[in-house]
Amino acid sequence: EVQIVESGGGLVQPGGPLRLSCAASGSTFSTYAMSWVGQAPGKGVGWVSSIDSGGGSTRDADAEKGRFTISRDNAKNTPYLKMNSLKPEDAAVYYCARDIWGSWSGTYDYWGQGTQVTVSS
């Protein structure tokens, strides 16, 4: 059974950092691209960042470029999202999702339950 569990969310002040983790099990995750997507209150799911299976190629949404960094440790089946300079508009539930291919396609077959990020003073 494939399982994805996010962690690391919480309350942070504007300008502060957080690092999200995604524990993946039940499959060979190292052969799949992984992504982070977010859902802000009252809004649809928006793509945030993706990393290919080997970790050598990443892409980020424009709003997050320069502030968020996606990475992965395939030995631990764990992708990460380092979030810096957080803004109130970054507040959302962040989900880790497994892509159906080794490079980003935007189509996901497994998701976690999400981790809440709140940015407030």
Side-chain angles (χ1 to χ4, degrees):
E1 179 184 0
V2 174
Q3 287 190 323
I4 296 177
V5 180
E6 301 93 338
S7 62
L11 172 64
V12 62
Q13 292 188 343
L18 274 178
R19 189 179 80 156
L20 307 183
S21 299
C22 168
S25 63
S27 178
T28 307
F29 277 82
S30 61
T31 61
Y32 297 94
M34 298 295 293
S35 293
W36 288 93
V37 298
Q39 185 168 24
K43 297 185 178 180
V45 174
W47 169 71
V48 174
S49 189
S50 296
I51 187 167
D52 72 351
S53 59
S57 178
T58 64
R59 58 173 67 195
D60 307 294
D62 287 343
E64 284 77 35
K65 281 183 179 177
R67 298 190 300 121
F68 292 7
T69 303
I70 189 171
S71 62
R72 67 191 296 164
D73 183 340
N74 281 342
K76 298 180 179 179
N77 272 352
T78 303
Y80 302 95
L81 184 68
K82 181 64 187 300
M83 312 165 76
N84 291 320
S85 303
L86 281 161
K87 305 174 182 179
E89 54 264 41
D90 293 321
V93 177
Y94 285 81
Y95 299 91
C96 179
R98 192 183 83 168
D99 203 286
I100 62 172
W101 299 111
S103 56
W104 181 71
S105 72
T107 302
Y108 312 114
D109 55 3
Y110 292 99
W111 299 66
Q113 84 293 345
T115 186
Q116 176 73 52
V117 172
T118 303
V119 185
S120 175
S121 55

Minimum side-chain heavy-atom gap M34-C96 below 4.5 Å: yes
Count I, L, V, M, F, W, Y as connected when their side-chain heavy atoms are under 4.5 Å apart, and connections chain through other members. Are L11 and L86 then in the same cluster? no
Applying the 4.5 Å side-chain criterion to the ILVMFWY set and letting contacts propagate, would L81 and W47 be lumped into a single cluster?
no
Note: P41 and A91 closest approach over all heavy atoms is CD-O, 3.8 Å
Heavy-atom nearest pair, K82 first then P17, reads CE-CB, 4.1 Å
Given the rule in the salt bridge (Lys or Arg N to Asp or Glu O under 4.0 Å) test, do D62 and K65 qualify, once you have shown the distances and angles that lead to the verdict?
-> CA-CA 5 Å; D62 287 343; K65 281 183 179 177; 3.4 Å; yes
Under a side-chain separation threshold of 4.5 Å, the hydrophobic residues clustered together with W101 are I100
When every non-hydrogen atom of G54 is compared with those of N74, the smallest separation belongs to CA-ND2, 4.3 Å
Verify the cluster assignment for Y94 and V37: are they in a single hydrophobic cluster under the rule of side-chain heavy atoms below 4.5 Å apart?
no
Tightest non-hydrogen contact, residues G8 and L18, listed as O-CD2, 3.6 Å
Q.
If you apply the rule side-chain contact (heavy atoms from CB on, under 4.5 Å), what do you find for M83 with L20, and how did you get there?
A. CA-CA 8 Å; M83 312 165 76; L20 307 183; 3.7 Å; yes
Distance col, row F68:CZ vs D90:CG, nearest 0.5 angstrom, shows 4.0 Å
- Message: Side chains of E64 and S49, heavy atoms from C-beta outward: is any pair under 4.5 Å?
- Response: no
Discussion item. Contact between I4 and Y108 at the side-chain level, heavy atoms closer than 4.5 Å - yes or no?
Written reply: no
Any S21 side-chain heavy atom under 4.5 Å of Y80 side chain: yes
Exercise for the section: Check whether any side-chain N or O of R72 sits under 3.5 Å from a backbone N or O of D52 as a donor-acceptor pair, and report yes or no. Expected result: yes
Just wondering, do Y110 and F29 contact through their side chains at under 4.5 Å, heavy atoms?
-> no
* Asked: In terms of side-chain heavy atoms, does T78 have a donor or acceptor partner in D73 at a distance below 3.5 Å?
  -> no
When every non-hydrogen atom of D99 is compared with those of S105, the smallest separation belongs to OD1-OG, 2.6 Å
Apply the test side-chain contact (heavy atoms from CB on, under 4.5 Å) to residues C22 and W36: give CA-CA distance (whole Å), side-chain angles for both, the deciding distance (0.1 Å), then the verdict.
CA-CA 9 Å; C22 168; W36 288 93; 3.7 Å; yes
Does V48 share a hydrophobic cluster with V12, counting links as ILVMFWY side-chain heavy atoms below 4.5 Å and allowing steps through other members? yes
task: Measure from the side-chain N and O atoms of E6 to the backbone N and O of Q113, and report whether any donor-acceptor pair falls under 3.5 Å.
output: yes
- prompt: Are S7 and T115 close enough that some pair of their side-chain heavy atoms sits under 4.5 Å apart?
  reply: no
For A33 and S103, the nearest pair of non-hydrogen atoms, with its separation, is CB-C, 3.7 Å
